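Quick caveat: nothing in here was measured; it's all calculated off a predicted structure. Proteins get letters first, then strands, A, B, ... in listed order; numbering begins at 1 in each.
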Protein chains: 2
Amino acid sequence: MATIKDVAERAGVALGTASRVLSGSTQTSPDSRARVLAAAAELNYIANGPARALRRARTDVLGLLVSDIRNPFFSELAHAAETEAMRRGYTVILANANEDEAQADEYLRIFAGQRIDGLLLSPQGPLSPRLTSLLASGMPVVLLNRRVAGLDAPLFSTDNAQGVGLVLDWLQAGGHRDVAFVGGPTAMSTGAERLAAYLAGRESHGISTDDALIDSGDFLAGGAAAAIARILDRGVRPTAVFGANGPTTLGVVRGLRERLGVEAASRIEVVSFDNLDWFEFATPPISAVRNDAATIGRLGVAGLIGLIEGRDVASERIETTFVDRRNV
Amino acid sequence: MATIKDVAERAGVALGTASRVLSGSTQTSPDSRARVLAAAAELNYIANGPARALRRARTDVLGLLVSDIRNPFFSELAHAAETEAMRRGYTVILANANEDEAQADEYLRIFAGQRIDGLLLSPQGPLSPRLTSLLASGMPVVLLNRRVAGLDAPLFSTDNAQGVGLVLDWLQAGGHRDVAFVGGPTAMSTGAERLAAYLAGRESHGISTDDALIDSGDFLAGGAAAAIARILDRGVRPTAVFGANGPTTLGVVRGLRERLGVEAASRIEVVSFDNLDWFEFATPPISAVRNDAATIGRLGVAGLIGLIEGRDVASERIETTFVDRRNV
DNA sequence: CTGTTAGCGCATTCAC
DNA sequence: GTGAATGCGCTAACAG
């Protein structure tokens, strides 16, 4: 692999000059500039990132820690974040915490070792010691969609209350009274906020306040199926079910069909936070809050770069829209 | 951030001793070992990756270039690859080519700059100059699922012919004669192989050889919907449709419903290469080849590490299984 | 077993 | 505007 020294030799200039041409801001003569560029092209020169990072004390790499890349919300977010980062000259390292705190911590260690310039974090749980020490070391951090107690960083997140409001309006318009709610872990701000907004708004939307209709899973299909089963076990018979995120709604539909059979399940309307490809094919079609992962990813990266460059960055709430599939 | 020098000072040993304890293979006295470890823990020492990489001329980082992380096949693959890599002491940098050659090339450049130790590649198209020069520089590479002409690297891929065989058996068992096939780009080996296997086997499985029933999209929903529309425009009326990958099947179902209406579409059986969460909810349920992305990712990483460590690595075909949802 | 030293590739400082 | 020299943090080679 060619080094900058090789380039300089071939161009007949000193190493410093080559460096200035290739990455420096300082002026260089048109002549040496042309010769260095030519030499670099001929040698197929690509600067050694680690060496550059060592010298400059920055890597132009951002770390993105999400809970599960297999969740379409996060894969869309990751995709958008990566695109935005690349556009701005940064590279993203993606890590999956698997909704597991220990693994999240391990990745934070790896990120620290790689000397990332900043961290995009969708936290799994409370503030870990490693995260605390990362913050203490001055690492720029932005939060994606989930808040964490004790961490004062800009947050880019869905407007959960607004999204739940759209669902409540839709439920009311459909004349539902007995509505089951399957939420996520209340330890996550997303889970807590969606539940809180639902509880706060149900009465004014003509929805039963019977708490037998409320249960929570783990924001994954398995936990949600178990939650809807528990609700049905209490003897209540909802006419509609609200799943608080994409995987939850998947589990809800599975659970309803297993428990009640396909026929009876098809008489229950399902509505979801997070809009998935297949909702249009369900029986009946599933209406949903469109949760704009791409915007969150894009704004998160922009905010993080702002932080890295020393600017003030404010949190942002991203509005949702609603996809009504009731009468299509 | 503490350096190894700080650790050595605090432990009262020389820099070299600290290095040996922290990452060296050579023996050190239990005493210095304990003191260095204690000092490192107290200082919250995390080795500077770039400096280490510079000196060792390796980064312990693998690059993974996929075509679209939003495709569940790849997000599952990426997840498995990342987990396996971490288990073996490597970090993965994930890049999305967006099914775009120029972007793929740009990422190869970034990978080269980061001095990754090896590359997991799911190629987009033909051999680009940059890929050629990467290979020429001795970069270890394994191919995931897609072959590329002129590149002789170990390939870890689905057994496409075997998977298509399972579909053909299932179609025959269902008594289908008029079957539409919606494939992907034949420039991709995946697309070409699935089509070839289908064409080769259809006659012996009692399926019409009318080529009006065959068309191809881009392995994305949009292209597939257009392809099934073209097929219907030719006046043929299939009783079953075979979608050659997950997004394709999504597009097929959309296209059928748009074109024929929900009622008529529900009388057409759909079968898919790649098994998606929602197939059980479709009307009628969609049977599918389970394409084991996780195994491909895991074996790919294992193979790549083998290459990096100088071992011989053989290509592997991963068998598929079939999820029959016809009579559930 | 341990201390000392060189140098990985680069950006940058200091002379000129 | 350019050349020479320095050192980022670390590992490995060498000498003891």
Divergence of helical axes at both termini of the helix from C/dC1-D/dG16 to C/dC16-D/dG1 - five pairs an end, 10° steps: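 Between the axes fitted at each end of the helix from C/dC1-D/dG16 to C/dC16-D/dG1 lies an angle of 40°.
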Sequence-distant partners of B/Ile46, side-chain contact (heavy atoms from CB on, under 4.5 Å), two or more places apart: A/Arg109, A/Ala112, A/Arg115
Listed partners of B/Ser23 passing side-chain contact (heavy atoms from CB on, under 4.5 Å), at least two apart: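 Counting only residues at least two positions away or on another chain, B/Ser23 forms a side-chain contact (heavy atoms from CB on, under 4.5 Å) with B/Ser19, B/Arg52.
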Close side-chain approach of B/Phe219 to B/Pro185, heavy-atom, < 4.5 Å: yes
Close side-chain approach of A/Asn48 to A/Met1, heavy-atom, < 4.5 Å: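 A/Asn48 vs A/Met1: side chains apart.
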According to side-chain hydrogen bond (donor to acceptor under 3.5 Å, both in side chains), who are the partners of [X], at least two apart in sequence or on a separate chain?
{"X": "A/Glu316", "value": "none"}
{"X": "A/Glu309", "value": "A/Arg311"}
{"X": "A/Gln114", "value": "none"}
{"X": "A/Glu101", "value": "none"}

Sugar-phosphate only, base, or nothing, as touched by B/Ser19 at under 4.0 Å among non-hydrogen atoms: base
Chain B footprint on DNA chain C, 5' to 3' - any atom under 4.0 Å from a heavy atom: C/dC1 to C/dG9
Covered region of DNA chain D, 5' end to 3' end, by chain B [heavy atoms, under 4.0 Å]: D/dG9 to D/dA13
B/Ser157 and B/Arg317: side chain donor to acceptor below 3.5 Å: yes
First encountered from the 5' end of DNA chain C, between A/Gly16 and A/Met1: A/Met1
Verdict with reasoning, B/Leu62 to B/Ile308, per side chain to side chain contact (heavy atoms under 4.5 Å, CB included): CA-CA 10 Å; B/Leu62 308 179; B/Ile308 291 171; 3.6 Å; yes
Proximity to DNA chain D (any heavy atom under 4.0 Å), residues of residues 29-60 of chain A only: A/Ser29, A/Ser32, A/Leu54, A/Arg55
Pair listing, side chain to side chain donor-acceptor pair (under 3.5 Å) test, anchored in residues 56-66 of chain A, at least two apart: A/Arg56-A/Asp60, A/Arg58-A/Asp60, A/Arg58-A/Tyr90, A/Thr59-A/Asp117
Pairs involving residues 298-308 of chain A, ordered by first then second residue, that meet side chain to side chain donor-acceptor pair (under 3.5 Å) (sequence neighbours left out):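 Sorted result for residues 298-308 of chain A: empty, none.
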B/Arg147 atom CZ, neighbour heavy-atom count above 12 within 6.0 Å: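 No.
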